[in-house]
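Read through the structure below, which is laid out as structure tokens, and then see the notes.
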Amino acid sequence: MSRSFQEIDTRPTPMGTISLRRRLEPTLNVDVFEVKLDDEFLMSSLFTAGEAALAALALAEVDGDGLDVVVGGLGLGYTARAALDDQRVRRLDVVEAIDAVIDWHHGELVPNAAELTADPRCTLVHGDFFELIAGDQPIGPGAVARFDAVLVDIDHTPTHHLAPDHAGFYSVDGLRQLASRLHPGGVFGLWSDRDVDDAFLATLRQVFSRGVAHEVTYPNHYTGEPASDTVYVATADS
């Protein structure tokens with residue numbers, strides 16, 4: 001168990017100052033790892049059900065074996081580790097724009113980091129996911145140009161973005177470009193920390209043959225009431 005509070009790392013980024021901290025949660029008697037961008041909370045090891053469900057729900061819709069998967073946004077690694085739990089995954093490229101976050105994993109400063117860095121199927125790629133997915137080249141060294149699944153956990157919601165230039169990704173044109181990077185029948189999954197956005201769901205359905213929204217509920221120990229995230233899953237034409 002750690003001391004009550006420790007700021008593990010703090011670095012400037014083009015989007016603001018990112019920090020990793022660890023604190024003792026006294027009501028649960030567990031260590032909690034948190035990431036903040038300036039004064040905004042990005043993620044917590046206390047609430048990870050939605051991130052894990054993103055991988056599980058999306059990959060459940062993909063047929064076949066030898067899957068090539070991309071995760072946009074490394075964070076604390078919960079989506080990536082859940083993807084690797086699917087033994088059909090042949091290669092996982094995890095794209096992260098902030099080099100500090102990748103360093104935290106290589107330095108094992110975050111929980112269970114070695115499950116990613118030691119898995120030969122997994123490659124951590126420093127880059128702008130939105131720029132990389134908008135092109136037609138492989139995401140990283142040795143990667144393929146088209147994928148069986150693309151899982152994204154970067155922005156808070158399809159309309160609440162960490163940076164203004166992310167907005168185009170969630171448009172019809174942006175999603176069509178993403179769909180062009182998927183194999184026939186491939187799947188796009190997106191995490192959001194809000195209720196279902198009907199307008200975004202309608203946009204998904206303009207581009208993909210099928211689009212659904214899943215509510216993922218989990219206990220909130222602070223409020224005593226269930227909390228929920230949304231996972232959108234869309235399937236490309238076969």
Side-chain angles (χ1 to χ4, degrees), residues 40-44 46-64 67 69-86 88-89 92 94-95 129-130 133-134 147-164 166-220 223 225-238:
E40 188 171 20
F41 281 94
L42 293 186
M43 62 205 71
S44 167
L46 195 58
F47 303 111
T48 63
E51 287 89 339
L54 168 59
L57 290 168
L59 292 178
E61 298 298 320
V62 183
D63 294 329
L67 304 182
V69 179
V70 171
V71 169
L74 173 57
L76 292 175
Y78 288 95
T79 297
R81 286 197 295 276
L84 290 173
D85 285 341
D86 190 323
R88 299 176 301 151
V89 172
L92 176 69
V94 186
V95 183
F129 166 80
F130 298 107
I133 206 68
F147 317 102
D148 299 290
V150 175
L151 316 175
V152 180
D153 177 5
I154 297 176
D155 294 310
H156 295 292
T157 77
T159 57
H160 183 188
H161 312 131
L162 295 183
H166 295 181
F169 174 77
Y170 303 95
S171 68
V172 168
D173 288 344
L175 293 174
R176 281 179 176 153
Q177 176 59 38
L178 166 68
S180 74
R181 302 297 299 270
L182 292 171
H183 290 301
V187 169
F188 165 53
L190 175 72
W191 173 89
S192 168
D193 70 357
R194 293 291 184 269
D195 294 338
V196 177
D197 183 328
D198 291 329
F200 178 69
L201 190 57
T203 300
L204 272 183
R205 290 169 175 167
Q206 288 184 60
V207 176
F208 294 90
S209 60
R210 179 174 180 264
V212 297
H214 300 271
E215 182 184 30
V216 180
T217 60
Y218 49 89
N220 185 323
T223 66
E225 300 291 334
S228 65
D229 298 337
T230 299
V231 172
Y232 299 91
V233 178
T235 305
D237 290 333
S238 298

Are [X] and [Y] side-chain neighbours, meaning at least one heavy-atom pair lies under 4.5 Å?
X    : Y    : result
V207 : F188 : no
E61  : V212 : no
P158 : Y232 : yes
L59  : V89  : yes
D86  : V69  : no

Which heavy atom of [X] sits nearest a heavy atom of [Y], and at what distance?
X    : Y    : answer
V231 : G50  : CG2-O, 3.9 Å
L151 : A58  : CD2-CB, 3.4 Å
S238 : P184 : C-CB, 3.7 Å
P219 : F47  : O-CE2, 3.7 Å
A134 : Q177 : O-NE2, 3.1 Å
R194 : T157 : CG-CG2, 3.3 Å

Please say whether more than 12 non-hydrogen atoms of neighbouring residues, nucleotides or ligands are located less than 6.0 Å from CG in D63.
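Atom CG in D63 is not crowded, with 12 or fewer foreign heavy atoms closer than 6.0 Å.
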Interatomic distance, [X] atom [atom1] to [Y] atom [atom2] [nearest 0.5 angstrom]:
X    : Y    : atom1 : atom2 : result
T217 : E225 : OG1   : CD    : 12.0 Å
L182 : D148 : CG    : CG    : 8.5 Å
D153 : M43  : CG    : CE    : 7.0 Å
H156 : W191 : NE2   : CH2   : 7.5 Å
H166 : T159 : NE2   : OG1   : 14.0 Å
S180 : L175 : OG    : CG    : 11.0 Å

I'd like to know if the side chain of Y170 pairs up with that of D155 as donor and acceptor (distance under 3.5 Å, no hydrogens or angles considered).
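Per modelled atom types, Y170 and D155 side chains form a pair under 3.5 Å.
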Pair Y218-D229, side-chain donor/acceptor within less than 3.5 Å:
yes
Between H161 and I154, is a side-chain contact (heavy atoms from CB on, under 4.5 Å) present by the stated rule, with each step listed?
CA-CA 8 Å; H161 312 131; I154 297 176; over 6 Å; no
Verdict with reasoning, V62 to L67, per side-chain contact (heavy atoms from CB on, under 4.5 Å):
CA-CA 9 Å; V62 183; L67 304 182; 3.8 Å; yes
Can you spot which of T79, T230, V216 makes a side-chain contact (heavy atoms from CB on, under 4.5 Å) with L54?
T79
Under the 3.5 angstrom rule, does the side chain of R181 hit a backbone N or O of F147 as a donor-acceptor pair?
no
